[in-house]
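Chain letters run A, B, ... following the sequence lines, proteins first and then strands; every chain starts at 1.
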4 protein chains.
Amino acid sequence: MMANLPKGDKREKILQAAAEVFGIAGFHEARIEEIAERAGIGKGTIYLYFKDKQELYLAMLQYQLASMVERLRLRLEASGTAVERLTGFLVEFFVLVRHYRGLPASQVRPPHACEERCRGLLLAARQTIHQMLTQVFRTAEEETIPEDLEPGFAATVLLGMAQGLAMDYLLGGNDFDPLSAAQKLVHLLCRKRDAGG
Amino acid sequence: MMANLPKGDKREKILQAAAEVFGIAGFHEARIEEIAERAGIGKGTIYLYFKDKQELYLAMLQYQLASMVERLRLRLEASGTAVERLTGFLVEFFVLVRHYRGLPASQVRPPHACEERCRGLLLAARQTIHQMLTQVFRTAEEETIPEDLEPGFAATVLLGMAQGLAMDYLLGGNDFDPLSAAQKLVHLLCRKRDAGG
Amino acid sequence: MMANLPKGDKREKILQAAAEVFGIAGFHEARIEEIAERAGIGKGTIYLYFKDKQELYLAMLQYQLASMVERLRLRLEASGTAVERLTGFLVEFFVLVRHYRGLPASQVRPPHACEERCRGLLLAARQTIHQMLTQVFRTAEEETIPEDLEPGFAATVLLGMAQGLAMDYLLGGNDFDPLSAAQKLVHLLCRKRDAGG
Amino acid sequence: MMANLPKGDKREKILQAAAEVFGIAGFHEARIEEIAERAGIGKGTIYLYFKDKQELYLAMLQYQLASMVERLRLRLEASGTAVERLTGFLVEFFVLVRHYRGLPASQVRPPHACEERCRGLLLAARQTIHQMLTQVFRTAEEETIPEDLEPGFAATVLLGMAQGLAMDYLLGGNDFDPLSAAQKLVHLLCRKRDAGG
DNA sequence: AATGAATGAGATTTCATTCAT
DNA sequence: GATGAATGAAATCTCATTCAT
């Protein structure tokens, strides 16, 4: 009785709860028991799915990064001009940062023992996003960006600026409007440096 | 005789050791005993100078931030054109980030119990730097930056991009050349956007 | 299976062990680990039942006082003359003091931080006993005590003398025979002061 | 310059300070540094006069007990009837207890490592007092106490009752008037039990 | 499979005591 | 002699992990 969830669902529930708790509290201040409670299961059950706290953390990180990359991909592959898609991308990026407030932060200082593996996951996600951005710049309408701005560097700068603003937000706690911030950044980078005059 | 350091020096020695250990290990993985060892003193001595681990952390943060702000100020108040000084500022910024590798990271996820106080210190440092940058943009030679780029926003963007690159570095571990990165960023922001053609 | 004790029993086991160790060593010299060992459990388990050392101490005190009051009540509510019941009470009192040798002592200098709460528990126990004694004196056969000895004061004096002897014992270590001491005290207080007859 | 006190005086100053601090805080909660501060000297100086905390405690105990015994002796050897002198003794006793509130308490639970030596000091003081009391009872005017009350037992009872009341006071914190308490106790013990006369 | 009571390693912090000045 | 900065042993308490049910 009590039709149990299929196994995959319980794992995901744990990962969701882990994302919340690790996000709020960071790796060390996060309590396994709190994660279990949020997932609506017993403490011991977590150890049926994950070897230890660290593996749970890594699995959660991978899971969240994949989900984020997917949401960002949707924005970049939407229809519209390059400027529109880049703006949509940035808005989504900022929304994600604000939503998973603690998650990016928790990545900055991963548990020492798995620093390398964390870095690997983050790097992979970043490269995927970077490639998607580069592709957008490469195929953008001619007039969108200055001719001397190489697509790869443009992607680096856009991502860098976005991360910079996000970091600002995370550190300083000064809130900001995702849409207007996105527009300003895109404007700064994409507008042809012109004006002829 | 009188070989002993004057009192202020021992406090600073502890703060230096604390910066190293907190930087490498983060607040929670840092062990008080390790800090004492690096400072070449006994565990208990730290408690003569700081009430507890958290106060030591905050004092260390304040101390390091003040030192960083001072080094950045020197670059911005040096002689030279605005472009030269901004480039110098960014180079110094990147060097600091690479040197104090862990310190900025440790700020991202401070111990929950003193999150507010950490934020306060960081915000203050950031505002000081932002003001210095704004002043540079405001007094820059006319042709340095686009007319429609407000000095305050220019400062925000420059700082944001710098932080973005630094975060990239911290997260991804992909090393980069401070000078060339600085030049690219300044070029991107400062060059008049005309090209004339 | 089901060999485990029901939950209440483990708590009591801890309280028993705590009474022994606190009794022997006093609050500050008592080590949590020693209590755990005596209770046959792990150190951490104690913290599942009691918030910290102080709360354990207070719980132990309450537990022991309740048990003592109960044993004294049985003696005062037994059948027999007032003199017999008072003697029984004193004998029990002295036996308790000798058995829980350290317990009363540990109450005299409770940890400063919970002095008030300790005092409250002790006062409550003492008042209960005082009331029971007063009741005995009030309903005693007319010829038992001098007419000018008010029941409440008689109770105070009896209890005071008993505590005085006990303190003597605790301080000086001079052993004594509970029964003979009890008889002497009761004799002193209860015999009608007439002689005249 | 700065004519130093003769050595004996500094030792006594420390003992006075120790009595205060041990009295207030008990052996374990008393801090050596606090004692030094009250004595107006440096922490290290205490160790020139006493081997360690325990020896200081024992010396303080001896010093205070001697002083108390002396004050009590003066009352018992004063002029006046036995009843007057006993009353004076009890008043002094209660005043001492209230003044050195913590001292007797601190004796009840001495540091485990010197329990025996503490007990020895206490026992000696008590015996001296007991002998003085016995002598008073022995030489008292015939009509003062019942014939069947042996002087030694009378002394034991008087001292016991006094200690009982004091304990009550120490434990319960219920204040009382020394004079009236003294009179009641003496009255209870000394009045000839005839009434008849 | 799921649980949560039990565990104990390990961290912070205090404070009696030492000793260089 | 006098000092107090420095020390480190020892105590409490937390929490990831285990395992009997």
*Asks:* Which whole-number value in Å describes the distance from A:E37 CD to E:dG4 C1'?
*Replies:*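 It is 11 Å, rounded to the nearest whole Å.
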*Asks:* Taking the side chain from A:R31 and the backbone from A:H28, do they hold a donor-acceptor pair closer than 3.5 Å?
*Replies:* yes
*Asks:* How does each nucleotide of nucleotides 13-19 of chain E score, in 5' to 3' order, for protein heavy atoms under 4.0 Å: base (B), sugar-phosphate only (S), or none (-)?
*Replies:* BBSSBB-
*Asks:* Which class fits the ring pair C:F22 and C:F27: parallel under 30°, tilted 30 to 60°, perpendicular over 60°?
*Replies:* parallel
*Asks:* Any donor-acceptor pair under 3.5 Å linking the side chain of A:Q54 with the backbone of A:P111?
*Replies:*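 No, because the side chain of A:Q54 does not come within donor-acceptor range (under 3.5 Å) of the backbone of A:P111.
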*Asks:* Look at atom CD of B:E29 and say whether more than 12 heavy atoms of other residues, nucleotides or ligands are closer to it than 6.0 Å.
*Replies:* yes
*Asks:* Across all strands, who's sitting opposite E:dA11 as a Watson-Crick or G-U wobble pair, both distances under 3.5 Å?
*Replies:* F:dT12
*Asks:* When both hydrogen-bonding distances must be under 3.5 Å and the geometry is Watson-Crick or G-U wobble, what is F:dA20 paired with, if anything?
*Replies:*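 With both distances under 3.5 Å, F:dA20 matches E:dT3.
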*Asks:* Which atom names give the shortest non-hydrogen contact between A:K53 and A:I32, and what distance separates them?
*Replies:* CG-CD1, 3.8 Å
*Asks:* Given side chains that start at C-beta, do those of C:R11 and C:I14 come closer than 4.5 Å, heavy atoms only?
*Replies:* no
*Asks:* Return the value, rounded to whole Å, for the distance between atom CD1 of C:I35 and atom P of F:dT12.
*Replies:* 8 Å
*Asks:* If only side-chain N and O atoms of C:Y49 are considered, is one of them under 4.0 Å from the OP1 or OP2 phosphate oxygen of E:dA6?
*Replies:* yes
*Asks:* Does E:dA1 have its OP1 or OP2 closer than 4.0 Å to a side-chain nitrogen or oxygen of A:K10?
*Replies:*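 No, A:K10 has no side-chain N/O under 4.0 Å of OP1/OP2 on E:dA1.
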